[in-house]
Every structure is written in structure tokens, then in C-alpha cells.
Chemist: 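Below you will find the structure I want to go over with you.
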Amino acid sequence: MSIIYNEKEKIFHLKTPETSYVIGIYEGKLPMHLYYGKRLDSSFSFKDLFEANGDNGWGQGSMSADFENKIQLSGVPIECPSMGDGDVRPAMFQAKYEDGSILSKLWYTGHKIYKGKPEIPGLPATYVESDDEADTLELYLEDSFQDIKVVLYYTAFSKMDVITRSMRVINGNKGVVRLTAALSGCLDFNNKNYDLMHFYGAWARERYMERKPLFIGNQSVESLLGASGHHQNPFICLAEHGATEDRGRVYGVNLVYSGNFVSGAYVDPYHRTRLYIGINPTNFEWKLECGEEFFTPECVFVYSDEGIGKMSRTFHRLIRDRLARGKFRGEERPILINNWEATTFDFDEEKIVSIAKKAADVGVDMMVLDDGWFGVRNDDTTSLGDWFVNRDKLPNGLDGLAKRVNDMGMKFGLWLEPEMVSPESKLYKEHPDWCLHVQGRSRGLARSQLILDYSRKDVRDYIIKVLSDIFDNANIEYIKWDMNRNMGEIGSMLLPADRQGETAHRYMLGLYSVLEEIKKKYPDMLMEGCSAGGGRFDMGMFHYFDQFWTSDESEAMARIQIQNGTSYCYPTITMGAHVSKVPNGVGRVTSMELRGYVSLAGQFGYELDLNQLNDADIEEVKRQIALCKQYRKVFNNGDMYRIMSPENTSFMAWQFISEDKETVIVELFTMKALRYPPAEIIRLKDLESSSLYRDKETGREYSGEFLMNVGFSREPNVEYGCEMLILEKV
Ligand code: DGJ
């Protein structure tokens, strides 16, 4: 068992291979957070920690009469802080009761420990394949005055340093309860010696890392876009001041959810820090009738005492092995070519066939037809919702085109945007109420479109039927599921006035149920997610989508930074990365080689018309495809190390080691071209000291200890230069 209960001391000790998480039940009532960090022996006594009473003085809150005025709830570390009981820090649980009060007091009533990990009804979650892979603790809390029960779920993985948490709220019989906050987890620290790392961005500039020391007060990232969004990602870390890729204590936390979220850290004037994460309480209210229950999404904690890199690699393994599901989990994916950047809406069957033909000649595995194949969609102003083929463009239909592509020995994939409707569409004319909107108010457009109300069953049933008709009538082996606008005026016509605050979350539950159904019905279809590039890159999505389009910025130099930022939590196997033409969006011209190396560090593919390339570039394309086929397992299934970054050097360098540790690949990108550059040393990581590694190109052999300690020197003197080093263990 990796969860131990010490009955005498009322202490729960959750253990993963290298971490411990300790909870104590103070005075038999209050679940206190006692420790999370490096693994400890179970014999350790935590009694002393109970004695800290959190007394902040009379100006800062009251002593708790529920504990004979011995402690101040505002100052002690709490596992499930609730609103109104004197703790003035962000609460995990907040409700309004029929008597008008907002006060909740959640006291421990019992627990259960068992092997395995339960599912969360209707929500994506990490999972185990056998009960030996994890232990779960359920802590039962109750507010008997309001007849509310809460179950806190904790799972400790036995082979990964991962702890997950979620919460279930059950309303008893006293009356209607309005949940106004139901977060997934929190973590209290008795100091503030950390930097908050988070990942922000915009369209074509996703997941730039920002790192700032914690300050006194509340600091959070969040979304109210109805999606995790481009602006901020739910994933945040607390890294000890000075922590690097290899050194220092780091806590990472992410949410397995794709809707409105908040991830934050609150530091009180006594330098105590509360990390918290969950559904954003702003614009959220959930009505619980007597006997009803609510499940929060799951949050995931990862602790590393060996720096940021190790934390990233734990998230990578978890997402790749125990969040992703289905036939393609951990498997090699087809190399694809997508016509979007080559043609946008301006194509017909012959043009697509000619792109596919050239791609087939050089060894590409799949042709993906992007936006514009349906309705009368010749630009982005019409036809979303009218999922029938435009015969002017595709006279032989999708099945005819798919057949021609298949006859070239390639698979066929298709773009869809099933959550949307254009006001200029038959669907909208027939069902103007099927979109999210507020009765009697105007309906704001983004990219000329509205969002279908997936909280409605009739809408969901319709979409499943329409998609099934498409998938059943052509050989479609891949879909790219796009989503190009966020929520604005949020309302649902089928929900009563007092449930309108549930719309955004009900939408997400509806979307998950549609994705689940499609995934079950079409298990052999590879599913790529997309949201105006990488606007919905979150752990919720990776329970359904095998990969995700990382960004609409496919210019290689800009892409390096986006993929690097994304890699702090998400593995390369999830990152769609395609070689595109130059100059594109930002006007920069880079070599075909550089573009290839950036894309190889993701889910490799092309986003151009290969017919337009010169002979030398076509030769390079053939070399890239061969490299991808030979080494994609190393790039996508091995371990990734960010070994150099342009904040400290002139380079960005990534190292990949295959699962069997036999192959090591280093990719080096010159980010700053200087006339008289400083010398830079590239040292590899986590090799076997005494093993020998042979450089595939030169045949020279190096010991692991040499590569890790002496390293190579490089001069960053080539503008936008790049280099790939492939080393095989001898
Ligand atoms: C946004 C996506 O990110 C692009 O790759 C492309 O599919 C367009 N949508 C199509 O409208």
C-alpha cells in the first residue's frame, strides 16, 4: 500500500516512489495539510506540526470556537478550506444556503483507502490499468448543520511521482444549495520562497513562460473564455528561488479540464502560501437540489526535488501513458500533409490530389483536407454547421477524394469544426436557438461564427449523427477537430434562470460526452484537436485527442519558443508540428533543414504544397521523412531535456533519449547570431557514465561521462543555424 493510516496519530501518509504527501486530522475534525515533498519514511512523527496554531493576532481573524479557541483557521494549513469559517484565504468550497448564509464547516467523519483509482463521472481523468498502479484515499467530510457531505479523493501513483485530487459534493435533505466555488485542490506552504511559473500567450504565440517571485497577496492565472484558451494555461509551477532545470524543489500543478479555470497562489502577510486550482468560481454557480451531487475535475500534483526538468518529464509520462487512451496511445503516428497553409479555402479535388501525389512520392503517409470542403464556404464567413460536401470543389464527394488518396497508398484525414455554427448557414436558419446566447440580447460574432450549445442534448445528438454520417460514408482515418472562437455572451435556452450559471460547465460536460462517443464509435480514427492553433492545449483534451495543433505559428524560429514553452508540461507526442513554406506569416526565411528539425521534435508533418519546392528542398524533405520514420520513437516516447535556453545562452537545445536509453539525439538551434560570440558548452544529461556513445555522422565515440561533464563547445555564428547530433550507445 502506498497510503498508510496511522490511527493513533490520525495521520495519512501518501507515498509515490520519491514523494510523500501527509495529511493529519486535527482534533479528530479538521483535515490539515502537513507535508508534501521528498519521500519520507513512514515512521516519521508529524505531531509537532499539529501544534502550530496559526495565531495571527487579533487583527487578522478569529480563533476557532470549534477548536476551543486554540487555533486560527486563517493560519493553519487546511486540506479543504471552506468559506465563512474564519479562513480568509481562497476557499476550495463555497456555497449559499437557503437560510441566506455562506458559512460552511467541513469536519472529518471517516475515510476509506483502497487499491486502484476511480473514474470521475462525465469528466476526463488520469487512470490506472491495474489496481497495483495506485492507491486511493477517500476522506469524508460533513457539515451536519447544512446537511452537506464532501468526499476528497486523493490518488498516489506507485510508479510515478504523481498525486491527483478531486472533490465530490453531495447535498442532503435540508434544502437547495448553490455551489459558488468547487475547486479541485489546494496546497498550503509555510513559506513563500518560490517563483510562480506560468504560461501565457495569444494566437500564434502560445505558452510563453513567465517566472516571477511570489508576492504578498493573490496572484493567479485564469480563463473566462469557456475554454482553457490562448491567454493562460491551467498549468502552473512553484519553483524554489534559484531552482533550475536540474536543481531545486519544484511543485507543478495542472487541471484535467478544458473550460474556465483558475490556478493561483495566495500569500498571506505571514508568508504562508496557498496554491489552488479548479473551475473558475467567477461566473460559476451550480444548483444542487436535495440529494444531488457535483464532481469537480481532477487536479494533478507533481513534485520534483531535482529541478524543473524532472517535473516536466513526470508530466510527460503521465499524459502519454495514463491520460491518453486508445489505439494510438504511445504509438507512432502517420506523417501527414495538410493543405491549409498551401491553399486556405481556394482548392478543388484536382489541387488536393496534386498536393497528395507529390507527398505520396516522397513518403508522406496521410493527406489531410482542411477547412472549406463543405456548404458554400469559400471564406470564413459562412457554412459552419452545414456539414455536406461542396460538390463544386469536390465533385466526387469525400469518398471519391479519399479513394483517390488511398489509391496513392496514403490515408485520408478531414478537418471539422463541430462546435460552431455560422449565422450564414442552413443549420442556423433552422435552429437559431441552438447557439449559446442570452435571450433578448444581441449575439456577438468572432470569426463570423457562434458557438453551438453543447449543454443541450438535442444539439449533441444532432452533431453525433452528422459526424457519424460523414465518417460512415468515406474512408476517414483522421480528424482535425478545430474550435475557432471563445465564449462571449454565455447563456443556454434550455436552462432555467437559476441554472444559467451552470452553462459553461454543462457545455464542457456536453463536449466531453460527444468526444467520448466519437472515440468509442471510431476507435481506429486518429483524433487531432485544434483551437485556432493551440488555444485548448490542456490535460482535459488529452483524454480524447491523440495530438493537438500546437500553434498557427509555423514559422520555425517562433515555433521553437512555443514548443519549448509547451514542453514544460506537455510531451512532444501531443504537439502537432509541421514544416511550412518561407516566408510565411512573420516574413522570416529559414532553411528547410531548420524547419524540419523543429517539426521533428513534435508530431511531424507538412503544411505546404511540396510541388512548389526546388529539387534541393525535396531531397531535404526525403531526408526528414527518413529521419522521422527512424527516430520518431526517440522524439516522442523517450525523455526530453531542455539543455540550453536563450535566456542564458545563444542556443536553444533539446536532448531526447529513447526509452531503452540506446539512442540520444540533440537538437541545437542558434537563437542569437553574434559577430564575436561567447563560447558555449553543451553538456548532455542522464547518460550512462561508463557507456560509450558513437556519433552517427562522424563515427567518433565518446564516453557518457565525457558528454555529461566535458561536453562540446559550439559557436553560435550562423544566422538561424541548426544542428542535429545523433548518438548511439556502443
Ligand atoms: C485554425 C487552425 O489552427 C488552422 O490550422 C486551420 O485549420 C484553420 N483554423 C481553418 O479555418
Side-chain angles (χ1 to χ4, degrees), residues 201-207 225 227-231 258 336-347 351-352 355 366-387 390 393-394 398 412-422 424-425 445-452 470 476 478-486 526-538 541 545-556 558-559 562-563 566 574-581 584-586 595 598-599 602-609:
W203 178 77
R205 181 165 55 81
E206 292 89 342
R207 288 168 295 285
L225 300 166
S228 47
H230 289 82
H231 294 171
S258 314
L336 66 84
I337 185 157
N338 177 306
N339 70 298
W340 176 247
E341 290 191 27
T343 67
T344 62
F345 299 99
D346 181 20
F347 63 83
K351 207 183 234 181
I352 299 300
I355 294 174
M366 180 162 67
M367 174 77 224
V368 177
L369 177 62
D370 211 279
D371 196 353
W373 57 267
F374 52 92
V376 287
R377 190 158 165 97
N378 295 316
D379 57 34
D380 62 13
T381 60
T382 72
S383 302
L384 294 170
D386 293 346
W387 299 110
N390 179 337
K393 288 184 181 176
L394 305 179
L398 289 173
F412 178 70
L414 189 67
W415 177 98
L416 292 146
E417 195 175 358
E419 294 163 72
M420 298 292 152
V421 62
S422 308
E424 285 303 313
S425 67
L445 303 180
R447 210 193 189 205
S448 306
Q449 62 201 55
L450 293 160
I451 304 180
L452 285 174
I470 297 170
I476 293 163
Y478 167 102
I479 54 165
K480 175 178 174 188
W481 178 299
D482 205 348
M483 191 280 275
N484 284 298
R485 72 156 287 181
N486 292 128
L526 184 63
M527 286 168 63
E528 176 178 20
C530 177
S531 173
R536 204 151 66 172
F537 218 101
D538 60 64
M541 285 291 131
F545 292 115
D546 304 292
Q547 55 199 61
F548 216 92
W549 184 225
T550 313
S551 176
D552 274 342
E553 185 53 84
S554 57
E555 189 286 307
R559 240 323 170 95
I562 295 169
Q563 289 176 210
T566 304
T574 62
M575 295 184 214
H578 301 167
V579 174
S580 64
K581 69 169 192 250
N584 71 0
V586 293
R595 284 175 271 156
V598 176
S599 300
Q603 275 309 331
F604 188 72
Y606 292 91
E607 195 83 20
L608 42 65
D609 182 353

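Whatever order the structure lists them in is the order used to number ligands and atoms, beginning at 1. Nothing fancy with the numbering, it's 1 onward along the sequence. Because the structure is a prediction, the values reported are computed rather than measured. Excluded from the calculations below are hydrogen atoms, water molecules and symmetry mates; all remaining heavy atoms, backbone and side chain alike, are included.
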Chemist: Looking only at protein heavy atoms, which one is nearest to atom 9 (N) of ligand 1, and what is the separation?
Modeler: D482 OD2, 2.7 Å
Chemist: Compute the shortest N/O to N/O distance between C530 and ligand 1 and return yes if it is under 3.5 Å, no if not.
Modeler: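 Not met; the criterion fails.
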Chemist: Looking at G533, which atoms of ligand 1 are within less than 4.0 Å of one of its heavy atoms?
Modeler: 3 (O)
Chemist: To check your reading of the model: name the closest protein heavy atom to atom 7 (O) of ligand 1, its residue, and the distance in Å.
Modeler: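 In this structure, atom 7 (O) of ligand 1 has D370 OD1, 2.7 Å as its nearest protein heavy atom.
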Chemist: Does any donor atom in the side chain of T566 or R207 lie under 3.5 Å from an acceptor atom in the other side chain?
Modeler: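 Yes, a side-chain donor-acceptor pair sits under 3.5 Å.
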Chemist: Counting each atom of ligand 1 from 1 as listed, which ones have a heavy atom of W549 under 4.0 Å away?
Modeler: 3 (O), 5 (O)
Chemist: I need the contact type for A532 against ligand 1. Using non-hydrogen atoms and a strict under-4.0 Å cut-off, is it side chain, backbone, both or neither?
Modeler: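 It is the backbone that gets close, since no side chain atom is under 4.0 Å.
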Chemist: Can K351 and D346 be counted as an ion pair, charged N to O under 4.0 angstrom?
Modeler: yes
Chemist: Looking only at heavy atoms, is any part of E417 under 4.0 Å from ligand 1, and if so is it the side chain, the backbone, or both, or is it neither?
Modeler: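 Neither; no heavy atom under 4.0 Å.
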Chemist: Taking the ring centre of each residue, are F345 and W373 less than 6.0 Å apart?
Modeler: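 Between W373 and F345, which both carry aromatic rings, the centre distance is not below 6.0 Å.
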Chemist: What part of R447 sits under 4.0 Å from ligand 1 if we count only heavy atoms: the side chain, the backbone, both or neither?
Modeler: side chain
Chemist: Return yes or no for this condition: an N or O of K480 is under 3.5 Å from an N or O of ligand 1.
Modeler: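 Yes; at least one N/O pair falls below 3.5 Å.
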Chemist: Could you check whether N484 and Q449, counting side-chain N and O atoms only, form a donor-acceptor pair closer than 3.5 Å?
Modeler: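 Note: Q449 and N484 side chains miss the donor-acceptor criterion.
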Chemist: Specify the closest pair of heavy atoms between S383 and S422, including all atoms of both residues, with the distance to one decimal.
Modeler: N-OG, 3.3 Å
Chemist: Please check if the side chain of N339 supplies one atom and the backbone of D370 the other of a donor-acceptor pair under 3.5 Å.
Modeler: yes
Chemist: May I ask you to identify, for N484, whether its side chain, its backbone, both or neither come under 4.0 Å of ligand 1 on a heavy-atom basis?
Modeler: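 Side chain only.
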Chemist: Under 3.5 Å, is there a donor-acceptor pair between the side chain of R447 and the main chain of A532?
Modeler: no
Chemist: For atom 3 (O) of ligand 1, what's the nearest protein heavy-atom neighbour? Residue, atom name and distance, please.
Modeler: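 Of every protein heavy atom, D552 OD1, 2.5 Å lies nearest to atom 3 (O) of ligand 1.
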Chemist: Would R377 count as a polar contact of ligand 1, with the cut-off being nitrogen or oxygen pairs under 3.5 Å?
Modeler: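 In this structure, R377 places no N or O atom under 3.5 Å from an N or O of ligand 1.
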Chemist: Under the rule for salt bridge (charged side-chain N to carboxylate O under 4.0 Å, His left out), what residues qualify as partners of R377, not counting sequence neighbours?
Modeler: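 Expected list: D371.
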Chemist: Would you check whether W415 has a nitrogen or oxygen atom less than 3.5 angstrom from a nitrogen or oxygen atom of ligand 1?
Modeler: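 The answer is yes, given that W415 and ligand 1 share an N or O pair closer than 3.5 Å.
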Chemist: Under 4.0 Å from a heavy atom of D371: which atoms of ligand 1 are those, numbered in the order shown and with their elements?
Modeler: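 Close to D371: 10 (C), 11 (O).
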Chemist: Does the cation-pi check pass for R559 over W549, that is, NZ or CZ under 6.0 Å from the six-membered ring centre and within 45° of its axis?
Modeler: yes
